[in-house]
Amino acid sequence: MAHSANSKGRVIFHIDMNCFYASVEMAHNPELKGKPIAIAGNPEERKGIIVTSSYEARAKGVKTTMPVWQAKKLCPDLLLMRPNFDRYREASRAIFKMLSEITPLVQPVSIDEGYLDITDTKELGTPVEIADYLQQRILRELDIPCSLGIAPNKFLAKMASDMRKPLGITILRKRELASTLWPLQIEEMHGIGAKTAEKLKKVSIHTIGDLAAHDVYSLKQLLGVNGERLKNLANGIDYRPVDPEAVHDFKSIGSSQTLAHDSTDWDELHQLLEHLVENVAKRVKRKSAAGKSVQLMIRFHNHQTITRSKTLQKYIDEKKDILFVAKELLKKHWNEEPVRLLGVSLQNLEEKRQVGEQLDLFTYRDNVKKEKLYETMEELTDKYGKNVFLSLNSEKDKEQQPRTSFQKDFLDDYKKP
C-alpha cells in the first residue's frame, strides 16, 4: 500500500458516472439524447424493473427499482431498452484505464464509480485541475458525464460527489462539515439504509449533525460497533485507504514509484522495474493468486502517462515471469524520453485453486508441494535480507553475461495496443 491508513494530508477523489447505463446508450446512439429513456431488465413485461434512467426520465418521477408499469404511468413517452452489459463493461474499462493513468491507487467499487488517491500527483496540477481534466476527458472521448468529489478521505469524497450532478466537481473539507454536511437528513448519509435511519430517528437523530453529536455509548447500544463507526464518519473521520486490491471484479496487484530524478538510464529503470516486480510477486504469493495480464505504467518528465499491457496464455505468479513481460513492455513502449515514474501490475487475478486446471498440471502440483518452502524462504529473506539463497539462474548471474545495448534493441514502433 502506497499510503498508510493513518497518513495525513490525503487527497481522495470519488468519481461517479452520471446515469451510467443510460449515458452509454446515448453516447452509442446520439438520437436518444434529451429523451426520457430507461434501462429495464425485461422491458416487455409490466413486472420488469427499472435498472437506471436518464435525467429526463427522472424528472418525471422514474426511479431505479421501480416496476416498468409504474414508470410508464408516470412517463408515457418513456423509451425502454434492454441492458447491453458488454457495452457497459467496455465503457467502464476505458474509464478506469484513464483513471489509472493519473495514479495506480484506483479502487473501483462498481462498474461506474471508484476512488482515487491523488496525494502524490501534485506535479499534474491542483486537485480541481486534475478533476476537471478527468471529467472533460471522459466526456470528450466517451461522451459520458461524471461527477467528482474531492476530500481528505473516502467517506467525505463520496458524499461530495453526490452533491452536484450531473457534471459536478465538489470539494468537501472537514472545516465545512457544520455548514455543508451536518444539515443533511440522516437518510442522505452514505452507509445508512432505511432500517438504520428508522432506528436513529427513534432516538431523535434526524440529521447527520445529530448523529455527529450523539453519545457514542448509546449509539453502540443501538447499533453495535457500527454505531461508533457511523458517528466517526459523520464527524469526517475515515482512515480507510484507497485499496486497488479490494474489489474482486477489477482484480490486480500493482506497485509504482517516482524516481528521485527524471531518468533515461536503462540500467536504472531496469533496477526499479525489478524492485517493483518483486513487490508485486510477494503480494501475489501472499494471496495465493496468479494473473494472466501484466501492465506497465510510464509517466514521462512532461507528465504524459501511458499504460501498456500484455495478456498471456497462461497464469503466472513468479517474479521472473512477471519481470520478463514487464521488461518486454518497457523495451517496446519506452520512447527514450526521460521517465519520472514506473508502475507494474499483475492483472486478471484468480486464486490458484481456481486456475489450477488452466495451469500446467505438473507445474501446478510441483508449486503446491513447494509452497511451504517458498513461504519459509520469503520469511528468511525478509528477516536477513537478500541473497540468503542463491539461484544458479539468478539475476546476478545474468548480469555477468554479455548483452547488447538497449539503444540497439529498441523497437521504434511506438504504437498503442
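Below, each value reflects all heavy atoms present in this structure, side chains not excepted, and no hydrogens, waters or symmetry copies. Numbering starts at 1 and runs along the sequence shown.
Here the closest non-hydrogen pair linking Lys174 and Pro152 is CG-CG, 4.2 Å. Taking all atoms of both residues into account, the shortest heavy-atom contact from Ser100 to Lys97 is OG-O, 2.8 Å. Between Leu200 and Leu211 the shortest heavy-atom distance is CD2-CD1, 4.5 Å. Here the shortest heavy-atom pairing between Ala212 and Lys231 reads O-NZ, 2.7 Å.
Using a cutoff of 4.0 Å between basic side-chain nitrogens and carboxylate oxygens, Glu123 and Arg299 are scored as salt-bridged. The residues Lys332 and Glu328 are annotated as not salt-bridged, no charged nitrogen and carboxylate oxygen being separated by less than 4.0 angstrom. A salt bridge is absent between Arg93 and Glu90: the closest approach of a Lys/Arg side-chain nitrogen to an acidic carboxylate oxygen does not fall below 4.0 angstrom. Contact check on Arg87 versus Glu25 returns a salt bridge, with a Lys/Arg side-chain nitrogen under 4.0 Å from an Asp/Glu carboxylate oxygen. The residues Asp210 and Lys201 are annotated as not salt-bridged, no charged nitrogen and carboxylate oxygen being separated by less than 4.0 angstrom. Classification of Glu274 and Lys327 as a salt-bridged pair fails, no side-chain N sitting under 4.0 Å from a carboxylate O.
A distance-only check finds no donor-acceptor pair linking the side chain of Ser147 to the backbone of Pro166 [under 3.5 Å]. Between the side chain of Glu113 and the backbone N or O of Pro108, no donor-acceptor pair lies under 3.5 Å. Looking only at distances, a side-chain donor or acceptor of Trp182 sits under 3.5 Å from a matching main-chain atom of Ala234. Distance alone, capped at 3.5 Å, is enough to place a donor-acceptor pair between the Gln107 side chain and the Asp243 backbone. Between the Thr103 side chain and the Asp117 main chain, a donor and an acceptor come within less than 3.5 Å of each other. No donor-acceptor pair closer than 3.5 Å links the side chain of Asp132 to the backbone N or O of Val128. Side-chain atoms of Arg240 never come within 3.5 Å of backbone atoms of Asn153 as a donor-acceptor pair (strictly under, hydrogens ignored). Listed for the Lys60 side chain is no donor-acceptor partner under 3.5 Å among the backbone atoms of Leu74. The closest donor-acceptor contact from the side chain of Thr121 to the backbone of Ile118 lies under 3.5 Å. The closest donor-acceptor contact from the side chain of Asn18 to the backbone of Ser23 lies at 3.5 Å or more, if one exists at all.
Once rounded to the nearest 0.5 Å, the distance linking NE2 of His333 with CZ of Arg308 reads 6.0 Å. Annotation: the span from Leu230 atom CG to Thr196 atom OG1 amounts to 7.0 Å, rounded to 0.5 Å. Atom OG1 of residue Thr170 and atom CG of residue Leu156 lie 12.5 Å apart, to the nearest 0.5 angstrom. From Ile102, atom CD1 reaches atom OH of Tyr133 across 5.5 Å, with rounding to the nearest 0.5 Å. Rounding to the nearest 0.5 Å places CG of Leu296 at 5.5 Å from CG of Leu330. Distance check, rounded to the nearest 0.5 Å: CD1 of Ile150 to CD1 of Ile171 gives 5.0 Å.
The shortest side-chain heavy-atom distance between Val339 and His301 does not fall under the 4.5 Å cut-off. Looking at Val51 and Thr64, their side chains never come closer than 4.5 Å, going by heavy atoms from C-beta outward. Residues Tyr315 and Glu350 meet the side-chain proximity criterion, which asks for heavy atoms closer than 4.5 Å. Leu148 places a side-chain heavy atom less than 4.5 Å from the side chain of Gln135. In this structure the side chain of Val62 reaches within 4.5 angstrom of the side chain of Ile50, judged on heavy atoms. Using a 4.5 Å heavy-atom cutoff, the side chains of Val106 and Tyr115 are not in contact. At a threshold of 4.5 Å between non-hydrogen side-chain atoms, the residues Leu341 and Ile298 do not count as touching. Under the 4.5 Å side-chain criterion, counting only non-hydrogen atoms from C-beta, Tyr21 is in contact with Ile111.
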For this session: Please assess His28 against Val24 for the test side chain to side chain contact (heavy atoms under 4.5 Å, CB included), listing each intermediate value before the final yes or no.
Result: CA-CA 6 Å; His28 181 71; Val24 172; 5.5 Å; no

For this session: Just do the salt bridge (charged side-chain N to carboxylate O under 4.0 Å, His left out) check on Asp317 and Arg283 with the steps written out, would you?
Result: CA-CA 10 Å; Asp317 67 335; Arg283 290 157 66 190; over 6 Å; no

Exercise. Is there a side-chain hydrogen bond (donor to acceptor under 3.5 Å, both in side chains) between Gln295 and Thr307 once you walk through the steps?
Worked result: CA-CA 7 Å; Gln295 177 174 285; Thr307 56; 4.5 Å; no

Exercise. For Thr119 and Arg10, what are the C-alpha separation, side-chain angles and deciding distance, and is it a side-chain hydrogen bond (donor to acceptor under 3.5 Å, both in side chains)?
Worked result: CA-CA 5 Å; Thr119 307; Arg10 294 189 300 163; over 6 Å; no

Exercise. Under the side chain to side chain contact (heavy atoms under 4.5 Å, CB included) criterion, do Val344 and Gln257 qualify, and how do the steps go?
Worked result: CA-CA 9 Å; Val344 178; Gln257 185 173 315; over 6 Å; no

Problem set entry | Worked verdict on Thr311 versus Asn348 for side-chain hydrogen bond (donor to acceptor under 3.5 Å, both in side chains) | CA-CA 9 Å; Thr311 300; Asn348 298 330; 4.6 Å; no

Problem set entry | Audit row: Ile138, Ile15, side chain to side chain contact (heavy atoms under 4.5 Å, CB included) steps and yes/no | CA-CA 11 Å; Ile138 294 169; Ile15 185 167; 3.8 Å; yes

Problem set entry | CA sep, side-chain torsions, deciding dist, call: Lys154, Asp238, salt bridge (charged side-chain N to carboxylate O under 4.0 Å, His left out) | CA-CA 7 Å; Lys154 292 168 77 172; Asp238 182 8; over 6 Å; no

For this session: Output, in order, the C-alpha distance, side-chain angles, deciding distance and verdict of side chain to side chain contact (heavy atoms under 4.5 Å, CB included) for Leu276 and Leu342.
Result: CA-CA 8 Å; Leu276 297 174; Leu342 283 180; 3.9 Å; yes

Exercise. Can you list the steps and then say if Gln185 with His206 is a side-chain hydrogen bond (donor to acceptor under 3.5 Å, both in side chains)?
Worked result: CA-CA 6 Å; Gln185 293 298 302; His206 299 281; 5.7 Å; no

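A donor-acceptor pair shorter than 3.5 Å can be found between the side chains of Arg229 and Asn226. Asp112 and Ser110 are linked by a side-chain donor-acceptor pair at a separation below 3.5 angstrom, with hydrogens and angles left out of the test.
Taking a 6.0 Å sphere around CD of Glu268, one finds it holds more than 12 heavy atoms contributed by other residues, nucleotides or ligands. Within a 6.0 Å sphere centred on CD of Gln271, other residues, nucleotides and ligands contribute 12 heavy atoms or fewer. Atom NZ of Lys165 has more than 12 neighbouring heavy atoms from other residues, nucleotides or ligands inside a 6.0 Å radius. Sparse packing is recorded around NZ of Lys199, with 12 or fewer heavy atoms of other residues, nucleotides or ligands lying under 6.0 Å away.
Under the 30°/60° scheme for interplanar angles, the aromatic rings of Tyr88 and Phe85 are found to stand perpendicular.
Applying the side chain to side chain donor-acceptor pair (under 3.5 Å) rule to pairs touching residues 49-58 yields Thr52-Arg58, Ser54-Glu56, sequence neighbours excluded.
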